[in-house]
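The structure appears right after this line, and notes come after that.
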Amino acid sequence: QVQLVESGGGLVQPGGSLTLSCAASGRIFRLNHMGWYRQAPGKQRELVAIISSGDNTDYADSVKGRFTISRDSAKNTVYLQMNSLKPEDTAVYLCNALIKSLPLSAPGNYWGRGTQVTVSS
């Protein structure tokens with residue numbers, strides 16, 4: 001089995017910073033891309049940032065220049081450093097990963113439970 005567990009969410013004032021972590025555990029042969037999505041109240045889930053196994057990254061336009069995604073392959077962990085936070089960043093942030101559990105298996109798409117980020121004065 002594979003599990004993704006997020007941490008690091010919380011309440012922060014506008015202009016503040018938070019770092020989110022997502023650790024993958026279980027039977028993992030290869031961890032491919034990992035990413036962060038968010039679901040804001042009354043809005044559709046959107047992609048925030050992704051990072052490939054080759055460390056190529058992509059970001060939503062709304063967070064470029066403020067957020068940084070990175071990964072530690074040895075720890076099977078992905079991070080999201082969030083700076084200059086705005087109230088509109090308030091959302092549940094969910095970790096997503098494409099993972100091969102066995103050498104000949106098809107990759108599976110896994111989701112964490114999410115962590116709440118609230119930006120408010």
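Counting begins at 1 with the first residue of the sequence.
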So, for [X] and [Y], which heavy atoms are closest and what is the spacing to 0.1 Å?
{"X": "Gly8", "Y": "Leu18", "value": "O-CD2, 3.8 Å"}
{"X": "Thr90", "Y": "Val119", "value": "OG1-N, 2.9 Å"}
{"X": "Ser21", "Y": "Tyr79", "value": "OG-CD2, 3.3 Å"}
{"X": "Gln81", "Y": "Ser17", "value": "NE2-CB, 4.0 Å"}
{"X": "Gly114", "Y": "Val92", "value": "CA-CG1, 3.9 Å"}
{"X": "Ser101", "Y": "Val2", "value": "OG-CG2, 3.7 Å"}

Measuring centre to centre across the rings, with the benzene-like ring taken for any Trp, is Phe67 within less than 6.0 Å of Trp36?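 No, the ring centres sit 6.0 Å or more apart.
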Does the side chain of [X] come under 3.5 Å of the side chain of [Y] through a donor N or O and an acceptor N or O?
{"X": "Ser53", "Y": "Asn32", "answer": "no"}
{"X": "Gln116", "Y": "Thr118", "answer": "yes"}
{"X": "Ser121", "Y": "Gln13", "answer": "no"}

Flag the pair Asn96 / His33 as yes when at least one side-chain heavy-atom distance between them is below 4.5 Å, and no otherwise.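 Answer yes - side chains close enough.
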Is Asp89 salt-bridged to Lys86, going by a charged N under 4.0 Å from an acidic O?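 Looking at Asp89 and Lys86, the cut-off is not met.
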Does Arg38 come within less than 4.0 Å of Glu46, counting only side-chain N to carboxylate O?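 Between Glu46 and Arg38 there is a salt bridge, with a charged N closer than 4.0 Å to a carboxylate O.
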For the pair Thr115 (side chain) and Gly9 (backbone), establish whether a donor and an acceptor sit closer than 3.5 Å, ignoring hydrogens and angles.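 Yes.
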According to a hydrophobic-cluster definition based on side-chain heavy atoms being under 4.5 Å apart (Ile, Leu, Val, Met, Phe, Trp, Tyr only), do Val78 and Tyr59 belong together?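 Yes, one cluster joins them.
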Out of curiosity, Met82 CE to Ile69 CD1, how far, rounded to the nearest 0.5 Å?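 Here the rounded value is 11.5 Å.
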How long is the span from the SG atom in Cys22 to the CD atom in Gln3, to the nearest 0.5 Å?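 Separation between the atoms: 11.0 Å.
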